[in-house]
Amino acid sequence: MPPKAESLPPLRDLLKAHELFAKKSFGQHFLLDERVLELIASYAGDVENHHVFEVGPGPGGLTRALLARGASVTAIEKDPRFLPLIEPLKETYPSKFTLLQEDALKTNLLELAPSPRKIVANLPYNVATPLLVNWLHEINAHGQNAYTQLTLMFQKEVAERIAAEPDTGAYGRLAVLSNWLCDVVWHQDLPAGAFTPPPKVTSAVISLIPLAKPRFEANLKSFERVVATAFNQRRKMLRVSLKALGLDATALLEHAHIDGTKRAEVLDVEAFSRLANSYDALTKSATKSSSQL
Ligand code: SAH
């Protein structure tokens, strides 16, 4: 008989017994309170028939909560010091738990398990944004076949940038890309004191629920290019900031039916997709006419 989950040692004792200290360079801030961990796992919704990826299990509190909810979990942890703390979970949940010592930035999750997949993680904040952008690219390519839900802890300021509405200070590239591909659900803030050791900032848990296909049709590369260029100089009028695209910005904005005196901040996701499509249309016709010369 495998040992029951209740027989696992308390997380705090485990950390102490293994004399592990949080490393700043790995963005290590641990959650040890079971009620908080269960709440976060509950935000992931039904996980029983899903394969759940967890980035950065650390001492494994969230991992335990996910396994207890019946998920099959693959955890990816970069810091080898934690492996002996979480390896015993393999015995408690045979065939349900896989542990990989890898850098999640270099791991192709889609190759590791079939859909339906979810990602649930208290992310290392130093790499949270590039990780999310990688997953959003996969969602752009495969929609809900990539992931059906991402339930993630970020520092609150980053969560706000993901969930932001147009015409707010937090609205920018992250909000536009996230909203183009997903519905974003805000769950809750978590004060610094909920973590051991406490980070300097407040945190927040949000979910991104991928759409079956992007909200508006556009090519990812062009979409990202126009969004990045527009927000690079977010205080400038679009007819000025978009010159950096290297084409006639006024013609581009006219083609997309966007007032060139507006700033990037006020454009919604639909307007950005129009801009990306016009960018494609104009760059294609430019290549055509130059090849005719
Ligand atoms: N989930 C745990 C720990 C969160 S702290 C908890 O809630 O208690 C972030 C974790 O991510 C740490 O365990 C850290 O070692 C790990 N980590 C940092 N960078 C990583 C990377 N690039 N790939 C995988 N894990 C990483």
Side-chain angles (χ1 to χ4, degrees), residues 5-45 47 50 52-71 73-89 92-93 96-97 99-101 104 118-129 131-132 135 149-160 162 185-208:
E6 296 83 62
S7 67
L8 290 165
L11 294 166
R12 212 172 276 278
D13 296 356
L14 259 188
L15 274 173
K16 241 191 243 156
H18 289 76
E19 288 185 6
L20 283 182
F21 299 98
K23 266 195 196 167
K24 237 192 174 166
S25 60
F26 280 141
Q28 292 172 342
H29 302 284
F30 309 119
L31 286 167
L32 307 176
D33 183 331
E34 268 176 42
R35 280 167 314 165
V36 172
L37 290 161
E38 272 159 25
L39 194 60
I40 295 168
S42 77
Y43 294 143
V47 290
H50 287 72
V52 174
F53 292 104
E54 188 194 359
V55 168
L62 187 56
T63 326
R64 292 182 186 193
L66 290 165
L67 287 164
R69 294 178 80 82
V73 177
T74 296
I76 296 121
E77 174 58 62
K78 189 174 171 185
D79 186 344
R81 297 178 306 159
F82 287 100
L83 303 189
L85 275 72
I86 21 186
E87 248 150 18
L89 288 175
T92 319
Y93 297 96
K96 284 277 200 180
F97 180 55
L99 178 60
L100 300 174
Q101 196 229 321
K118 292 187 176 184
I119 304 177
V120 185
N122 168 19
L123 290 177
Y125 294 163
N126 45 350
V127 289
T129 309
L131 282 170
L132 175 65
W135 298 330
Q149 184 166 341
L150 279 58
T151 297
L152 304 171
M153 175 94 66
F154 292 94
Q155 55 194 88
K156 186 180 178 186
E157 177 261 326
V158 175
E160 282 171 344
I162 295 164
V185 182
W186 188 277
H187 297 299
Q188 70 164 95
D189 293 3
L190 233 80
F195 300 81
T196 308
K200 288 209 179 76
V201 292
T202 302
S203 298
V205 192
I206 60 170
S207 282
L208 293 102

Which atom pair, heavy atoms only, marks the closest approach of [X] to [Y]?
X	Y	result
A192	P199	CB-O, 3.3 Å
V55	P124	CG1-CD, 4.1 Å
P197	H29	O-ND1, 2.8 Å
A71	V52	CB-CG2, 3.8 Å

Heavy-atom side-chain proximity of [X] to [Y] below 4.5 angstrom:
X	Y	answer
V158	Y125	no
L31	I40	yes
E160	W186	yes
L8	R64	yes

May I have the step-by-step check of side chain to side chain contact (heavy atoms under 4.5 Å, CB included) for L32 and L15, ending in yes or no? CA-CA 10 Å; L32 307 176; L15 274 173; 3.9 Å; yes

Counting neighbours of CD on E34 that are heavy atoms of other residues, nucleotides or ligands and sit closer than 6.0 Å, is the number greater than 12?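 It does not: E34 CD has 12 such atoms or fewer within range.
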
What's the separation between atom [atom1] in [X] and atom [atom2] in [Y], rounded to the nearest 0.5 Å?
X	Y	atom1	atom2	answer
E54	L152	CD	CG	11.0 Å
I162	I206	CD1	CD1	4.0 Å
L67	F97	CG	CZ	6.5 Å

Please list, chain by chain and in numerical order, all residues satisfying side-chain contact (heavy atoms from CB on, under 4.5 Å) with R81, sequence neighbours excluded.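 Here the qualifying residues are L20, K23, Q28, D79.
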
Could you check, using the six-membered ring where one of them is a Trp, whether F82 and F26 have ring centers closer than 6.0 angstrom?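 When the ring centroids of F82 and F26 are compared, they turn out to be at least 6.0 Å apart.
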
